[in-house]
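Reading through the structure tokens given below for one structure.
Values in this document were obtained by computation on a predicted structure and should not be read as measured data.
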Amino acid sequence: MSLFDIFLLAMALAMDCFTVSIVSGVIMRRYVMSVTLRMALLFGLFQALMPFAGWLATSRFSGYIESVDHWIAFALLAVLGGKMIKDSFGDEEDAHFDPTKLSSQLLFSVATSIDALAVGISFACLGYKSVSQLTVPLIIIGVCSFVMSVVGNTLGIMCGKTVVKRLKPELVGGTILLLIGFRILYEHIGF
């Protein structure tokens, strides 16, 4: 696999991080560097660690992981998206889903990176035999996810003021998370 192929793969994996970061920025409405960097770091870390975990588990659990990873990702995104949609119909003071919480960011990080397990399985099938061979691809994946998360969060914050006036951001964000979950199912089930 060439470096260009790895970069394209990393960008594809980072798109979910980018989307969730935009939604988070819209909900946050103001830039808080520590929150943006923590979210980006978690996204980058999980996007890099999941392929590593998939690669490690390939020898024992590859069939099992590959057969359920999309269902796990869908379930996490459906729960998060459903909660956001439900919260959007509550009282204005109580309705805000808080993407600044560490627990929310961890759930988003796991949910958006579960499909990266399959990438790790692919690395094993492509002949990556050692951790040293995986180092560069995993760094590229992590850095791309980090950068796309920062860019997405910043765009969401910049556009969020306009969006909030017209739409309920929790409703839009929850719908987007559900759509990401359905897209993952669609891609893995093979319709």
Side-chain angles (χ1 to χ4, degrees), residues 8-29 35-36 39-40 42-48 50-51 54 65-90 92 94-101 103-120 122 141-142 144-191:
L8 291 178
L9 173 68
M11 291 304 290
L13 289 173
M15 285 298 109
D16 290 344
C17 300
F18 179 69
T19 304
V20 171
S21 294
I22 289 174
V23 171
S24 296
V26 168
I27 292 170
M28 288 169 44
R29 299 181 195 150
V35 172
T36 299
M39 183 182 299
L42 288 171
F43 279 143
L45 183 67
F46 276 83
Q47 287 289 349
M50 286 297 196
I65 291 171
E66 195 170 18
S67 67
V68 297
D69 66 345
H70 51 283
W71 289 106
I72 295 168
F74 173 75
L76 288 169
L77 290 168
V79 167
L80 292 170
K83 181 181 180 338
M84 288 176 72
I85 290 170
K86 180 181 163 262
D87 288 350
S88 75
F89 292 107
E92 186 64 28
D94 300 332
H96 293 289
F97 180 79
D98 191 359
T100 64
K101 289 183 179 177
S103 60
S104 299
Q105 292 177 356
L106 284 169
L107 281 173
F108 284 138
S109 297
V110 171
T112 59
S113 65
I114 285 181
D115 57 342
L117 282 169
V119 171
S122 299
I141 290 169
C144 285
S145 297
F146 177 89
V147 169
M148 292 301 286
S149 179
V150 170
V151 170
N153 194 264
T154 304
L155 284 174
I157 291 166
M158 289 173 23
C159 300
K161 292 176 181 124
T162 305
V163 171
V164 167
K165 292 177 186 172
R166 296 186 180 132
L167 300 168
K168 293 182 173 185
E170 290 85 0
L171 178 62
V172 173
T175 303
I176 289 171
L177 291 179
L178 286 174
L179 290 173
I180 291 171
F182 281 117
R183 180 186 55 86
I184 289 169
L185 276 182
Y186 179 82
E187 289 174 356
H188 286 271
I189 293 176
F191 290 113

Subject >> Ile157 side chain near Arg29 side chain, heavy-atom distance below 4.5 Å >> reply: no
Subject >> Ser113 versus Gln47, closest heavy-atom pair with distance >> reply: CA-NE2, 3.6 Å
Original post:
Hey, what do you get for CG (Asp98) to OG (Ser24), rounding to the nearest 0.5 Å?
Top reply: 9.5 Å
**OP:** List for me each residue that meets side chain to side chain contact (heavy atoms under 4.5 Å, CB included) alongside Leu106, sequence neighbours excluded, and say none if there are none.
**Re:** Leu42, Phe46, Leu102
**OP:** Indicate the atoms forming the closest heavy-atom contact of Pro99 with Met39, along with that distance.
**Re:** O-CE, 3.6 Å
Original post:
Can you name the nearest heavy-atom pair linking Pro51 to Ile141, along with the distance?
Top reply: CG-CD1, 4.2 Å
Original post:
Just how far is it from atom OG1 of Thr112 to atom CG of Leu107, taken to the nearest 0.5 Å?
Top reply: 10.5 Å
Side-chain donor/acceptor pairs under 3.5 Å, residues 72-81, sequence neighbours excluded:
none

**OP:** Answer yes or no: is there a side-chain heavy-atom contact under 4.5 Å between Ile22 and Asn153?
**Re:** no
**OP:** Output all residues satisfying side-chain hydrogen bond (donor to acceptor under 3.5 Å, both in side chains) with Thr19, sequence neighbours left out; order by chain, then residue number.
**Re:** none
**OP:** Measure the spacing between OG of Ser109 and CZ of Phe43 and express it to the nearest 0.5 Å.
**Re:** 5.0 Å
Original post:
Do you know which two heavy atoms are closest between Met50 and Ile114, and how far apart they sit?
Top reply: CE-CG1, 4.2 Å
**OP:** Using the test side-chain hydrogen bond (donor to acceptor under 3.5 Å, both in side chains), find all partners of Ser149 that sit at least two apart in sequence or belong to another chain.
**Re:** Ser21
Subject >> Distance in Å, Ser145 OG paired with Met15 CE, rounded so as to fall on 0.5 Å steps >> reply: 9.0 Å
**OP:** Taking side chain to side chain contact (heavy atoms under 4.5 Å, CB included) as the test, write out the residues that go with Leu179, two or more places apart.
**Re:** Thr175
